Every structure is written in structure tokens, then in C-alpha cells.
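Structure first, commentary second.
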Amino acid sequence: MKKVLKYSSNFYVLATSFFLFWMIFIDSNNLINQFRLSKKLWDLEDQKEFYLEKKAQVKAEREELMSNPELLEKFAREKYFMKKQTEDIYVIVEK
């Protein structure tokens with residue numbers, strides 16, 4: 001017990017312990033915030049991978065559409081309800 005009192009009265013031990021306490025719990029860059037930020041970074045990296053895969057998929061579909069006029073016409077009719085001059089469009093909405 002006497003050793004603990006001896007070290008706890010030392011200025012450098014007190015200053016170091018105060019500094020560590022401040023950096024771990026009170027500072028704006030404390031351990032809890034660092035953990036949250038690293039978790040958010042992992043989530044964003046996962047999203048980045050997903051969107052890069054999605055981008056490659058859309059690019060491949062675009063190349064396929066641009067190379068095939070029949071597929072392009074089908075896509076335009078289904079997605080944008082485009083039609084020829086002599087046609088009528090009927091949209092059936094299911095409830």
C-alpha cells in the first residue's frame with residue numbers, strides 16, 4: 001500500500017494517468033469514437049464493393065443494349081413505354 005501511495009503522489013505518474021484518462025474517455029477522438037468510425041469505414045467499403053459490382057453489371061448491360069437494336073427496342077418499349085406511330089399502348093396495373 002505504501003508503494004501505491006508513493007507512486008500516486010509522483011507528478012509524472014499523475015500527469016500520465018490524467019493524460020491517458022483524457023485521451024481514452026473525454027477527448028473528441030476517444031476510443032469509442034474511433035471504434036464507431038472504423039465500423040462506419042468497413043460498412044462504406046462494403047457499399048463501395050457493391051456499387052462497383054453494380055456499375056460493372058450496368059456497363060455490360062449497356063454494351064449489350066447498344067450492340068443489339070432489337071434488344072434496345074424491347075428495352076425502350078418496356079421501360080419507357082415508347083411506341084411506333086401506328087401503335088397504341090395499354091398499360092395494365094395490377095393491384
Side-chain angles (χ1 to χ4, degrees):
M1 185 69 174
K2 199 170 193 179
K3 275 188 169 182
V4 172
L5 289 175
K6 179 181 175 185
Y7 288 121
S8 65
S9 64
N10 187 350
F11 171 76
Y12 296 109
V13 171
L14 289 174
T16 304
S17 61
F18 175 75
F19 176 74
L20 289 176
F21 177 78
W22 181 270
M23 293 305 290
I24 292 173
F25 297 108
I26 299 173
D27 192 42
S28 64
N29 294 323
N30 60 22
L31 288 179
I32 297 168
N33 285 344
Q34 290 299 323
F35 179 73
R36 286 182 191 152
L37 289 174
S38 63
K39 185 175 183 290
K40 188 174 183 180
L41 178 65
W42 294 332
D43 293 340
L44 290 173
E45 286 174 350
D46 290 342
Q47 285 182 358
K48 178 182 175 184
E49 291 175 13
F50 170 76
Y51 286 120
L52 287 175
E53 291 172 4
K54 193 72 167 171
K55 180 181 171 184
Q57 179 184 3
V58 168
K59 196 172 197 178
E61 289 176 0
R62 182 178 179 266
E63 290 297 321
E64 185 179 354
L65 279 175
M66 293 302 167
S67 65
N68 189 350
E70 292 172 0
L71 192 60
L72 182 62
E73 182 180 345
K74 179 183 174 191
F75 178 78
R77 287 174 178 269
E78 290 176 359
K79 295 287 183 177
Y80 298 110
F81 305 114
M82 292 184 172
K83 64 179 184 81
K84 293 181 180 176
Q85 287 286 347
T86 60
E87 294 178 337
D88 291 332
I89 293 182
Y90 298 101
V91 179
I92 300 172
V93 180
E94 295 180 16
K95 291 185 180 181

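Being a predicted model, the structure only gives us computed values, none of them experimental.
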Item to check | Rounded distance [0.5 Å steps], CZ in R36 versus CG in L31 | outcome: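 Going from CZ on R36 over to CG on L31, the span is 12.0 Å.
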Item to check | CG-CE distance between L71 and M66, expressed to the nearest 0.5 angstrom | outcome: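 It comes to 10.5 Å.
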Identify whether [X] and [Y] are in the same connected component of the hydrophobic contact network (ILVMFWY, side-chain heavy atoms under 4.5 Å).
X	Y	value
M23	I32	no
I26	I24	yes
F19	L14	no
V93	F81	yes

Checklist entry - Does the S67 side chain pair with the main chain of E64, one donor and one acceptor, at a distance under 3.5 Å? => result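 Judged by distance alone, yes, a pair lies under 3.5 Å.
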Checklist entry - Are the side chain of N30 and the backbone of N33 linked by a donor-acceptor contact shorter than 3.5 Å? => result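 Yes; at least one donor-acceptor contact below 3.5 Å.
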Next on the checklist: With a 6.0 Å cut-off (strictly less than), is the heavy-atom count around NZ of K83, excluding the residue itself, greater than 12?
Outcome noted: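 Check passes, neighbour count above 12.
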Checklist entry - Is the CD atom of E70 crowded by more than 12 outside heavy atoms at less than 6.0 Å? => result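 No, because the 6.0 Å sphere around CD of E70 holds 12 heavy atoms or fewer from other groups.
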Checklist entry - Applying ring-ring contact (aromatic ring centres under 6.0 Å, His included), which residue pairs with at least one partner in residues 21-44 are found, sequence neighbours left out? => result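 Output for this query lists F21-F25.
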Checklist entry - Quick one: hydrophobic cluster around F11, which other residues, with the 4.5 Å side-chain cut-off, linked directly or via members? => result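 Y12, all in the cluster of F11.
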Item to check | Partners passing salt bridge (charged side-chain N to carboxylate O under 4.0 Å, His left out) against E87 (at least two apart in sequence or in another chain) | outcome: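 Once residues adjacent in sequence are excluded, the partners of E87 under the salt bridge (charged side-chain N to carboxylate O under 4.0 Å, His left out) criterion are R77.
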Item to check | Heavy-atom side-chain contact between K59 and K54 under 4.5 Å | outcome: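 No. Closest side-chain heavy atoms not under 4.5 Å.
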Next on the checklist: If you compare all heavy atoms of L72 against all heavy atoms of L65, which two are closest, and at what distance to 0.1 Å?
Outcome noted: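 Nearest heavy atoms, L72 then L65: CB-O, 3.6 Å.
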